[in-house]
Novice: 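Supplied in structure tokens, the structure appears directly below.
Excluded from the calculations below are hydrogen atoms, water molecules and symmetry mates; all remaining heavy atoms, backbone and side chain alike, are included. Note that the numbering runs from 1 along the sequence shown for the chain.
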Amino acid sequence: MPTVAADIDVVGVAKACCYPNAVSVDSFKLLDRALEYVKSRNELSLIEEKCSIGARDDLG
């Protein structure tokens, strides 16, 4: 379900709150890279995961 989150710069908010690591991803490949990066650091991190609107056809 769409929300106002698309209009909010979540990464910008995190950086303004002094998060050393903040990124936005929109694919599994980018998510895997971001997870590997933050796991290698010992710092506060935020990963914004953008998802598609809709649902699977076989979802009840």
Novice: Filter on salt bridge (Lys or Arg N to Asp or Glu O under 4.0 Å), then keep only pairs touching residues 42-51, sequence neighbours left out; what's left?
Specialist: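 Checked against salt bridge (Lys or Arg N to Asp or Glu O under 4.0 Å) - neighbours excluded - the pairs reaching residues 42-51 are R41-E43.
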Novice: Give, for atom OH of Y19 and atom CG of L44, the distance between the pair rounded to the nearest 0.5 Å.
Specialist: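 Y19 atom OH to L44 atom CG measures 4.5 Å (nearest 0.5 Å).
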Novice: What's the separation between atom CD1 in I47 and atom CG in L31, rounded to the nearest 0.5 Å?
Specialist: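 So the gap between those two atoms works out to 6.0 Å.
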Novice: Strictly by salt bridge (Lys or Arg N to Asp or Glu O under 4.0 Å), give each pair with a member in residues 6-30 just once, sequence neighbours left out.
Specialist: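 Listed by first then second residue: nothing to list.
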Novice: Consider only side-chain heavy atoms of I, L, V, M, F, W and Y, link residues closer than 4.5 Å, and tell whether V38 and V23 are in one cluster.
Specialist: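 Looking at the clustering, V23 is in the same group as V38.
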Novice: Excluding sequence neighbours, so at least two apart, what forms side-chain hydrogen bond (donor to acceptor under 3.5 Å, both in side chains) with K39?
Specialist: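 Testing K39 for side-chain hydrogen bond (donor to acceptor under 3.5 Å, both in side chains), a comparison that skips the adjacent residues, returns E36.
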Novice: V25 and A34: which non-hydrogen atoms are nearest, and at how many Å?
Specialist: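 In this case the closest contact between V25 and A34 is CG1-CB, 4.1 Å.
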